[in-house]
Amino acid sequence: MVTLTDEDFTRLYKYIQKNYGIDLSKKKQLIISRLSNTLTADGYTSFHDFVEVVLSGRDKDTTVAMLNKLTTNYTYFLREKEHFDFLEQTILPELKIKHAKDKCLSIWSAGCSSGEEPYTISMYLKEFFGTQANEWDLRILASDISQNILNSAMNPTYGEDSLAKLPPSWQKKYFTKKPDGTYTIGKTIRDNVIFRTFNLMDEIHWKRPFDLIFCRNVMIYFDQPTKEALVRRFYNVTEPNGYLFIGHSEGLNKATCPYKYLMPAIYQKK
């Protein structure tokens, strides 16, 4: 296993924290365990030269690949179903009335990873609006820092376990089984999601404010100041009475959070 000195570990985690908001200051062993095999395969004998490459900023692909390995969580369709129950029963009926004239919703999946979250949202939109769906602009913005992972989301292949929580009728309706036993999602759902690369540390300048922002199981890696600054940026681009969903394993400081807390992991801009 390649070695990581305390000095190089400090340099690396401080660089990641400053540029990407991810706090790995107590994750030295995680860094070693998740990156060692890759570094060895790439010909590195220690972390030092690798850290030099990352800190130079010359090879963004290497940095993004590193971040993916350090922060990737197991994800699947219909994760944290309570959110989608609230979406179906409360938010979509509200938005259908609110946008009856312009027939355009604005939803952002921030930190979308391999696409399960925005595609789940898209299926809910299709089911809710039914035969009227073609009359509405229901496209979802889905962003991630990694272009490689977005490429996989745009041309997706999912294992059977990833679909397990979806209703069987949806699996049949929206997915196609491939000869190798994996699944791909139908074109109508894929075409309803717009993928863009975006670093959540950057200022947010999308074209219109959002009715709903999903940022789930992303901020668990951020320190408190970074998290609070991101939530303020989200708030500034949320429509009045719009919503923010975070992961159930996450929490926001009620004293500093500009959103109103509604229930676990669901907030509203009042």
task = Could you tell me whether Tyr158 and Tyr183 have their ring centroids closer than 6.0 angstrom?
result = no

remark   = dist Ile121:CD1 -> Phe77:CZ (nearest 0.5 Å) comes out at 11.5 Å

ask   = Checking Gln171 side chain against Leu163 main chain: does a donor-acceptor pair fall under 3.5 Å?
value = yes

key: Any Leu67 side-chain heavy atom under 4.5 Å of Ser146 side chain   = no

With Thr3 via side chain to side chain donor-acceptor pair (under 3.5 Å) - residues at least two apart = none

query = Is a side-chain donor-acceptor pair under 3.5 Å present for Thr40 with Asn37?
reply = no

query = What pairs with Gln147 under side chain to side chain contact (heavy atoms under 4.5 Å, CB included), at least two apart in sequence or on another chain?
reply = Leu150, Asn151, Met154, Thr197

N/O donor-acceptor pair under 3.5 Å between Ser56 side chain and Val53 backbone = yes

remark   = Residue set satisfying side chain to side chain donor-acceptor pair (under 3.5 Å) with Ser249, at least two apart, ordered chain then number -> Asn217

task = Using only heavy-atom distances, determine whether the side chains of Gln17 and Tyr221 contain a donor-acceptor pair under 3.5 Å.
result = no

request  = Say whether Ser114 and Glu116, considering side chains only, have a donor N or O and an acceptor N or O under 3.5 Å apart.
outcome  = yes

inquiry  = I'd like to check Leu125 versus Ile107 (side-chain heavy atoms, cut-off strictly below 4.5 Å). Are they in contact?
reply    = yes

query = Hey, does the Lys NZ or Arg CZ of Lys260 hover above the aromatic six-ring of Tyr267, less than 6.0 Å from the centre and inside 45° of the axis?
reply = no

message = Let's go through Tyr124 and Phe128 carefully: what are the C-alpha distance in whole Å and the side-chain angles of both, what is the deciding distance for ring-ring contact (aromatic ring centres under 6.0 Å, His included) to 0.1 Å, and is it a yes or a no?
response = CA-CA 6 Å; Tyr124 268 84; Phe128 179 83; 9.8 Å; no

query = Going by distance alone, is a donor N or O of one side chain under 3.5 Å from an acceptor N or O of the other, for His83 and Arg216?
reply = yes

inquiry  = Using only atom types and a distance under 3.5 Å, with no angle test, would you say the side chain of Ser162 pairs donor to acceptor with the backbone of Gly159?
reply    = no

task = Decide if the gap between the ring center of Phe198 and the ring center of Trp206 is smaller than 6.0 angstrom.
result = yes

note = Which of Tyr243, Trp108, Tyr259 passes side chain to side chain donor-acceptor pair (under 3.5 Å) with Thr238? Answer is Tyr259

message = Do Lys178 and Thr184 pair up side chain to side chain, a donor and an acceptor below 3.5 Å, judged on atom types alone?
response = no

